[in-house]
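To find a chain, count down the sequence lines: A is the first, B the second, and so on, and within it residues start at 1. Quick note: numbers below take in every heavy atom, side chains included, and nothing from hydrogens, waters or symmetry partners. Not measured: the values here are computed from a predicted model.
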2 protein chains.
Amino acid sequence: MSKASSSEAKAADTRTRLLDTALRLVRERGFAATSVNDLCAAAGVTKGAFYHHFASKEQLGVEAARHWADGTSALFAQAAYHAAEDPLDRILGYVALRRRMLEGEIAEFTCLAGTMVQEAYAQHPPIRDACGATIGGHAQTLVADIEAAIAARGMAPAWSAQSLALHTQAVLQGAFVLAKALDSAAVARDSVDHLERYIRCLFAADAAPPAASADAPATSEDER
Amino acid sequence: MSKASSSEAKAADTRTRLLDTALRLVRERGFAATSVNDLCAAAGVTKGAFYHHFASKEQLGVEAARHWADGTSALFAQAAYHAAEDPLDRILGYVALRRRMLEGEIAEFTCLAGTMVQEAYAQHPPIRDACGATIGGHAQTLVADIEAAIAARGMAPAWSAQSLALHTQAVLQGAFVLAKALDSAAVARDSVDHLERYIRCLFAADAAPPAASADAPATSEDER
DNA sequence: GCGCACATACCAACCGGTCGGTATGTTGGC
DNA sequence: GCCAACATACCGACCGGTTGGTATGTGCGC
C-alpha cells in the first residue's frame with residue numbers, strides 16, 4: 001500500500017509466492033526433485049515469471065534459504081523465552097520451544113536448510129553457503145545467553161558457548177533426520193529431551209546462581 | 001572362488017561394483033542427482049548390466065542402503081571397544097571411535113542413510129524404510145551395553161536405553177549436517193565431544209559401580 | 001544349444017533455460 | 001492533460017540435452 005505502485009506490489013507477491021512454494025516443495029521433496037515446472041505450477045505462475053525473478057534454479061535455492069532464515073528468525077525473535085531473567089532459563093526456554101514445535105507432523109517441523117544442504121553440499125556451493133549462514137546465524141542467537149549463563153555461575157568450562165550453541169542445532173538437525181528415517185516425531189522429541197537434560201547437567205554441576213536476586217527458582221517451566 | 005562358476009563371480013562383481021559406486025556417488029551428490037547413466041559410467045558397466053541387476057533406480061536405492069548397512073555393521077562389529085569390561089567403557093569406546101572417524105574429509109565420514117533419507121522420505125517410501133532400518137539397526141547395537149551400564153549402577157533413569165542409543169545417532173547425523181553446512185569437520189567433532197560429556201554426566205550422577213570387581217578405573221581411554 | 005550376463009540402440013518424457021512478444025504501468029516533454 | 005518513449009512484469013512456445021527405462025542382439029560358459 002503506502003506509496004508502492006500496484007505493479008511493484010504484484011511483482012513482490014509473485015516472487016514471495018514462488019519463494020513460499022519453494023520452501024514447501026523443497027522441504028517435501030528435496031531440491032533436485034523439485035523441478036522448475038512443478039514449482040511454477042504449484043505457485044500458479046508461468047516459467048517466464050520464474051526466470052524474470054530468478055536467474056537460475058540455483059539462485060532460487062540461495063534465496064529460498066535466505067527467505068527461510070527470514071521467516072524463522074522473525075518467529076524466534078518474538079518468542080517468549082527471551083523474557084526470562086536467568087539466562088539459563090532463556091536457553092532452556094528455547095529448547096522447550098523447539099521441543100513443543102516437534103508435536104506436529106514431520107513435514108511441518110523439518111528444516112529447509114538442513115534438508116537442502118545435504119544435496120547442495122558438493123553440487124551447489126552458493127546454496128551450501130546460504131544454508132550454512134542460516135544455521136550458523138540461528139545458532140549465534142543462543143551464544144550470548146549461553147555466555148551469560150556461564151558468567152553468572154563463574155564457570156570456566158572446557159567447551160565454548162559457540163560449540164554448545166552449534167550442538168543444539170546438531171541435535172535438532174539429527175532429530176529431523178531420525179524422524180524422517182523412522183517416520184516418527186516421537187524419536188525427535190526424545191532426542192531434544194536428552195539435549196535439555198544435557199544442558200541442565202552442564203549448568204547444574206556448579207550449583208545455583210551465586211548472589212543478588214532471591215526470586216529465581218533455578219528452573220521455571222510453564223509448558224506440557 | 002571355492003565352487004562358484006566364473007560367470008557367477010563376475011556377475012557378483014558387477015553388482016558389487018555398481019553398489020559400491022552408488023554408495024560413493026549418492027553420498028557425494030544425493031540420490032536424485034545421481035543419474036543411472038552417471039552411475040553406470042562411473043562403475044564401468046553398461047545400462048543393460050544395471051537393469052539386469054536392479055529393477056529400477058528406486059530398488060538400487062533400497063539395496064544401496066542395505067549394502068551400506070552391511071559394510072558399516074561389519075566395520076563396527078570388529079571394533080576394539082566391544083572388548084571393554086565395563087559396559088560404560090564400551091559405550092564411550094563407541095563414541096570415541098565415531099569421534100576419531102571424524103578426522104578425515106567430510107565426504108568420507110558422512111552417512112549414506114542419513115543423506116538419502118532426507119530426499120527419499122516423501123518420494124520413495126521403500127528407500128526411507130531401508131534407511132530407517134539401517135539407522136535403527138545400528139542404534140540397536142548400543143542398547144544392550146547401555147542397559148548393562150544402567151543395571152550395573154542400579155540406576156532407574158527417566159530415559160530408556162533405546163532413546164539414548166537413538167540420541168547418539170541423532171547427534172552424529174546432525175553433526176554430519178552441520179559439517180556439510182559449515183564446511184567444517186571440526187564442528188562435527190565438537191558435537192560428538194558434547195555427546196561424550198553428556199553420557200559421562202548421565203552415568204556419573206549415580207557414582208561408581210557398586211561392588212564385585214575392584215580393577216575398573218571407571219573410565220579408561222586410549223586415544224588422542 | 002541353451003540360458004545367463006551383459007552390450008547396444010533406442011524411446012518418450014521431462015529437464016533447466018531461452019526468447020520474442022505483450023499487457024500494464026510510469027515518466028518526462030510540451 | 002496528453003501522448004510518445006520507456007520500463008517492468010509476465011507469458012508460453014520452444015530448445016538441446018538428459019532422464020529413467022526398454023527391446024533386441026550377442027558372446028560365452030556349461
For this session: Taking only the side-chain nitrogens and oxygens of His53(A), find out if one of them lies under 4.0 Å from OP1 or OP2 of dC10(D).
Result: yes

Exercise. Just how far, in rounded Å, is P of dC15(C) from CD of Gln123(A)?
Worked result: 17 Å

Are any protein N/O atoms closer than 3.5 Å to N/O atoms in nucleotides 19-22 of chain D? If there are, list each pair with its distance.
| from | atom 1 | to | atom 2 | distance (Å) |
| --- | --- | --- | --- | --- |
| dT19(D) | OP1 | Ser35(B) | OG | 3.3 |
| dG20(D) | OP1 | Lys57(B) | NZ | 3.0 |
| dG20(D) | OP2 | Val36(B) | N | 2.8 |
| dG20(D) | N7 | Lys47(B) | NZ | 3.0 |
| dG20(D) | O6 | Lys47(B) | NZ | 3.4 |
| dG21(D) | OP2 | Tyr51(B) | OH | 3.0 |
| dG21(D) | OP2 | Lys57(B) | N | 2.9 |
| dG21(D) | N7 | Lys47(B) | NZ | 3.1 |
| dG21(D) | O6 | Lys47(B) | NZ | 2.5 |

Problem set entry | salt bridge (charged side-chain N to carboxylate O under 4.0 Å, His left out) partners of residues 24-43 of chain A, not counting sequence neighbours, each pair once | Arg24(A)-Glu28(A), Arg29(A)-Asp38(A)

Exercise. Looking at residues at least two apart in the chain, or sitting in another chain, which of them share a side chain to side chain donor-acceptor pair (under 3.5 Å) with Arg197(A)?
Worked result: His194(A), Tyr198(B)

Exercise. With Gln123(A), which residues qualify under side chain to side chain donor-acceptor pair (under 3.5 Å), at least two apart?
Worked result: none

Exercise. How many Å lie between CG on Leu25(A) and C1' on dG16(C), as a whole number?
Worked result: 16 Å

Problem set entry | Whole-Å gap separating C1' (dC6(C)) and NE2 (His52(B)) | 7 Å

Exercise. Considering all heavy atoms of both residues, which atom of Val177(A) and which atom of Gly114(B) are nearest to each other, and what is their separation?
Worked result: CG1-CA, 4.0 Å

Exercise. What residues, two or more places apart in sequence or in another chain, satisfy side chain to side chain donor-acceptor pair (under 3.5 Å) together with His167(A)?
Worked result: Ser191(B)

Problem set entry | Spacing of Arg15(A) atom CZ relative to dT8(D) atom P, expressed in whole Å | 15 Å

For this session: Would you please name every residue forming a side chain to side chain donor-acceptor pair (under 3.5 Å) with Tyr94(A), sequence neighbours left out?
Result: Arg98(A), His138(A), Gln169(A)

Exercise. How many Å lie between CG on Leu39(B) and P on dT18(D), as a whole number?
Worked result: 17 Å

